[in-house]
*Asks:* 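First the structure, which I've put down as structure tokens, then a few questions once you've had a look.
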Amino acid sequence: MLGFAIPLLVLGAILSAIGILLLSPPPFDKPAVLLCRATKTSAGWTVVATLSTVLAVMSVSPLWDVAHMRRHAKESSADSLQRRSQMVEAQLTAVLTGACLVLIFVVRKLGLVIAQRDSLTTSQQAMLKQVEGLRNEYNRVTSGEQPKAGATSASNDTAQLKQQAQSLQKKLDEAVEDRRRAKSDAEVLKNQSRGLEKEYDRLLQENDDLKRKLSRHDSSATYQGSNKRD
């Protein structure tokens, strides 16, 4: 079962790298954002769902092994040592699988929020240009003297420009508010991603500690076995 730990560590490292890229300033976050945006397609979502299902199924087996070994804990010292080693391996696999499963959804959500923020920023800039153009046109129409015959037409044009300006200003205010909310969501997800990366580093440290404990247990079991034969 310990053989599953290496692929899980690789997957966790890849997800952590994507999360670090997402937390980087533009334009360094573009590749990770594009990758997360690709998961909104049918093919991308199929990959995410398949990988998540595999990890969820993989987490069931070690949890079952841990529960089974705890129910049959009373055995001889040699068997107990071996059972403890198997329990440590099962617990390590379960923890790594759960961490990778959580990272998949957190990193994907963070990337989609950043992509939405970038889209809102682009839309806001386009609206600002439209509002500026309408404001200049409005100032040009209202500042010039119109002949009496065209006074009614000029008044209608001015009213239409006012309505368009008000409509665009309203859309601009909504876009600014959406951008503010998206930025707030992105900050929350960034903080969660940093916490998960710290938790992943802690799990790696626990993995190293567990490997050292397993090595000491194996050495102790070998030494006890040689003493019994003597």
Side-chain angles (χ1 to χ4, degrees), residues 1-70 82-115 118 185-219:
M1 187 177 295
L2 192 59
F4 288 110
I6 296 177
L8 290 173
L9 289 173
V10 173
L11 177 60
I14 293 174
L15 293 173
S16 298
I18 295 174
I20 292 173
L21 285 176
L22 290 174
L23 296 176
S24 303
F28 300 105
D29 61 342
K30 292 299 181 183
V33 172
L34 291 176
L35 182 62
C36 293
R37 186 179 291 175
T39 60
K40 294 185 69 176
T41 63
S42 59
W45 174 245
T46 301
V47 173
V48 173
T50 303
L51 186 58
S52 302
T53 303
V54 171
L55 289 174
V57 172
M58 286 178 59
S59 64
V60 174
S61 178
L63 292 174
W64 171 262
D65 292 339
V66 171
H68 179 73
M69 285 184 285
R70 284 183 176 176
Q82 182 180 4
R83 190 171 296 276
R84 282 200 301 270
S85 300
Q86 294 175 351
M87 183 177 294
V88 168
E89 294 175 3
Q91 289 174 342
L92 174 62
T93 303
V95 170
L96 290 177
T97 304
C100 290
L101 187 60
V102 172
L103 276 174
I104 286 176
F105 291 100
V106 171
V107 170
R108 178 177 181 270
K109 181 63 175 178
L110 176 61
L112 293 179
V113 169
I114 293 176
D118 295 341
D185 294 340
E187 291 296 330
V188 173
L189 287 172
K190 283 182 179 181
N191 293 332
Q192 292 179 353
S193 180
R194 292 191 184 98
L196 285 172
E197 288 177 3
K198 292 180 181 179
E199 181 66 16
Y200 182 74
D201 293 337
R202 186 184 67 79
L203 291 174
L204 289 179
Q205 183 63 37
E206 289 185 0
N207 180 27
D208 294 336
D209 295 340
L210 290 172
K211 286 181 178 179
R212 286 194 291 270
K213 289 180 180 179
L214 286 173
S215 178
R216 288 197 296 270
H217 283 316
D218 293 340
S219 300

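For the single chain, residues carry numbers from 1 onward in sequence order. What you see is a predicted model, and the numbers here were worked out from it, not measured in a lab.
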*Asks:* Quick one: OG1 on T97 to CG on L92, what's the gap to the nearest 0.5 Å?
*Replies:* 8.5 Å

*Asks:* Would you indicate whether the side-chain heavy atoms of D65 and T93 approach each other to under 4.5 Å?
*Replies:* no

*Asks:* Where is the tightest heavy-atom contact between A32 and I18, given as atom of each residue plus distance?
*Replies:* CB-O, 3.9 Å

*Asks:* If I take atom CG from residue L34 and atom CG from residue L21, how far apart are they, to the nearest 0.5 angstrom?
*Replies:* 11.5 Å

*Asks:* Is L11 close to L51 at the side-chain level, that is, under 4.5 Å between some pair of heavy atoms?
*Replies:* yes

*Asks:* Do you know which two heavy atoms are closest between T41 and A38, and how far apart they sit?
*Replies:* OG1-O, 2.6 Å

*Asks:* Taking all heavy atoms of P62 and all of A90, pick out the closest pair and write down the distance.
*Replies:* CB-O, 3.2 Å

*Asks:* Taking the side chain as every heavy atom from C-beta outward, state whether I104 and R108 have any atom pair closer than 4.5 Å.
*Replies:* no

*Asks:* Can you tell me how far OG1 of T50 sits from CH2 of W45, rounded to the nearest 0.5 angstrom?
*Replies:* 10.0 Å

*Asks:* Please report the shortest heavy-atom distance between C100 and G12, naming the atom on each side.
*Replies:* SG-N, 3.8 Å

*Asks:* Roughly how far, to the nearest 0.5 Å, is the OG1 atom of T39 from the CG atom of L112?
*Replies:* 5.0 Å

*Asks:* If you take all heavy atoms of K30 and D118, which pair is closest and at what distance?
*Replies:* NZ-OD2, 3.6 Å

*Asks:* Counting distance only, does the side-chain N/O of S24 pair as donor-acceptor with the main-chain N or O of I20 below 3.5 Å?
*Replies:* yes

*Asks:* Please report the interatomic distance CG(L103) to CD1(I14), rounded to the nearest 0.5 Å.
*Replies:* 12.0 Å

*Asks:* Looking at CD of E89 and CD of Q91, how far apart are the two atoms once the value is rounded to the nearest 0.5 Å?
*Replies:* 11.0 Å

*Asks:* Considering all heavy atoms of both residues, which atom of L22 and which atom of V107 are nearest to each other, and what is their separation?
*Replies:* CD1-O, 3.5 Å

